[in-house]
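Down below is the structure, laid out as structure tokens.
Keep in mind that this is a model prediction, so the values were computed, not measured. Just follow the structure's listing: the first ligand is 1, and inside any ligand the first atom is 1. FYI, side chains are in, hydrogens and waters are out, and symmetry mates aren't considered; it's all heavy atoms of this structure.
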Amino acid sequence: MPSRNGSVENRRPAVYPGSFDPVTNGHLDIIVRAARCFPRLIVAVVDNPSKRPMFTLDRRVELLRDVCADLANVEVDQFSGLLVDYVRRAGAQVIVKGLRIVSDFEHEYSMAVLNRKLRGGPDTIFVPASIEYAYVSSSSVKEVFSLGGDISDFVPPVVLRAMRAASRSVKPKAKERKLS
Ligand code: PNS
């Protein structure tokens, strides 16, 4: 049981899980607002190699740590396997999810019910996305970026730099393929 006067480390955290490939300003908005509601917030990056992410798990964690550096009660961690198992290991009772548009709700609601059913799992609290980020997702940001669009309003500057560096490092390979 957390004590009323316990240190921040002793208080039960909430877990905000996701792929964060990469973290967007929409994610950051949810993190900042959820961190105001809970004494501790763990942003948990899933290791899901089947999704073929743009950034490695370690890099996604690193970018999140960078953008959350000023948020004293936010930690960044990684997990593989079932979310409910991670949540239990972390000593948390609550999962935080961001909700953007109505279609998010159908998917997120079914995940919330399933997670709650699994091994007497945790409850899910939904945080509505701020209107300016209602249409921002990691996949849309990657698509716009890959087609040369301006994504500087949608991702933190450090993420934009990382995406530029990542695209510079893959381009030579594409050229090699063309020549062969
Ligand atoms: O950012 P994403 O890709 O929408 O995040 C999805 C995530 C990580 C929340 C979801 O894939 C997940 O919970 N993965 C862990 C495996 C798991 O527990 N699956 C059952 C969920 S109902």
Side-chain angles (χ1 to χ4, degrees), residues 12-35 37-38 40-68 71 74-146 151 153-156 158-160 162-163 166:
R12 277 180 182 269
V15 171
Y16 176 37
S19 303
F20 303 104
D21 184 44
V23 56
T24 66
N25 287 340
H27 293 129
L28 200 49
D29 171 59
I30 301 293
I31 292 170
V32 168
R33 288 164 55 217
C37 301
F38 298 100
R40 279 174 70 204
L41 181 71
I42 302 177
V43 182
V45 186
V46 69
D47 181 13
N48 185 359
S50 63
K51 270 200 171 177
R52 301 188 67 220
M54 177 177 200
F55 292 107
T56 64
L57 179 64
D58 285 348
R59 188 69 176 123
R60 284 179 276 148
V61 167
E62 193 176 45
L63 288 168
L64 267 160
R65 289 209 170 119
D66 196 321
V67 300
C68 295
L71 302 169
V74 174
E75 298 151 44
V76 182
D77 196 7
Q78 52 182 265
F79 75 101
S80 55
L82 278 179
L83 173 61
V84 287
D85 288 340
Y86 173 78
V87 168
R88 195 174 36 194
R89 283 199 304 278
Q93 278 174 324
V94 168
I95 296 169
V96 171
K97 289 287 189 81
L99 272 188
R100 291 165 304 172
I101 42 181
V102 175
S103 56
D104 272 358
F105 180 76
E106 286 179 27
H107 177 62
E108 292 298 345
Y109 179 75
S110 62
M111 288 223 284
V113 171
L114 186 59
N115 279 329
R116 193 150 170 252
K117 192 93 183 144
L118 285 173
R119 302 178 215 204
D123 233 319
T124 300
I125 304 288
F126 294 115
V127 178
S130 297
I131 195 74
E132 61 268 40
Y133 303 123
Y135 52 90
V136 177
S137 68
S138 296
S139 26
S140 62
V141 154
K142 282 184 284 193
E143 183 168 342
V144 171
F145 176 78
S146 72
I151 55 161
D153 282 347
F154 310 137
V155 293
V158 67
V159 171
L160 184 55
M163 290 175 79

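- Considering backbone and side-chain N/O atoms, Met111 never comes within less than 3.5 Å of an N/O atom of ligand 1.
- A side-chain donor-acceptor contact under 3.5 Å links Ser138 to the backbone of Pro22.
- Taking only non-hydrogen atoms, the option from Val15, Val46, Asn115 nearest to atom 14 (N) of ligand 1 is Val46.
- A salt bridge is absent between Lys97 and Asp104; no separation between the charged side-chain nitrogens and carboxylate oxygens falls under 4.0 Å.
- The shortest separation from a heavy atom of Gly81 to ligand 1 is under 4.0 Å, placing the residue in contact.
- For Arg89 and Asp85, the salt-bridge test fails: no basic side-chain N is under 4.0 Å from an acidic carboxylate O.
- Using a 4.5 Å heavy-atom threshold, the side chains of Met163 and Val141 count as touching.
- Counting only heavy atoms, the protein gets under 4.0 Å from atom 17 (C) of ligand 1.
- Less than 4.0 angstrom separates some heavy atom of Leu82 from each of these atoms of ligand 1: 17 (C), 18 (O).
- Residues Phe38 and Ile125 meet the side-chain proximity criterion, which asks for heavy atoms closer than 4.5 Å.
- Distance screen at 4.0 Å: atom 9 (C) of ligand 1 has a protein heavy-atom neighbour inside the cut-off.
- When only interatomic distances are considered, the shortest N/O to N/O separation between Ser19 and ligand 1 falls below 3.5 Å.
- Of the protein's non-hydrogen atoms, the one nearest atom 12 (C) of ligand 1 is Leu83 CB, 4.6 Å.
- Under 4.0 Å from ligand 1, the heavy atoms of Leu114 that appear belong solely to its side chain.
- Those atoms of ligand 1 with a heavy atom of Lys51 less than 4.0 angstrom away are 3 (O).
- Those atoms of ligand 1 with a heavy atom of Lys97 less than 4.0 angstrom away are 9 (C).
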Exercise. Should Arg59 and Glu62 be marked as a salt bridge (Lys or Arg N to Asp or Glu O under 4.0 Å) after you check the CA-CA gap, both sets of side-chain angles, and the distance that decides it?
Worked result: CA-CA 5 Å; Arg59 188 69 176 123; Glu62 193 176 45; 2.6 Å; yes
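- Protein heavy atom closest to atom 5 (O) of ligand 1, with residue, atom name and distance, is Gly18 CA, 3.5 Å.
- Side chain of Arg33 to main chain of Pro128: a donor-acceptor pair is present (N/O by atom type, distance under 3.5 Å, no hydrogens or angles).
- In this structure, Ile31 and Val74 have side chains that are in contact, with non-hydrogen atoms separated by less than 4.5 Å.
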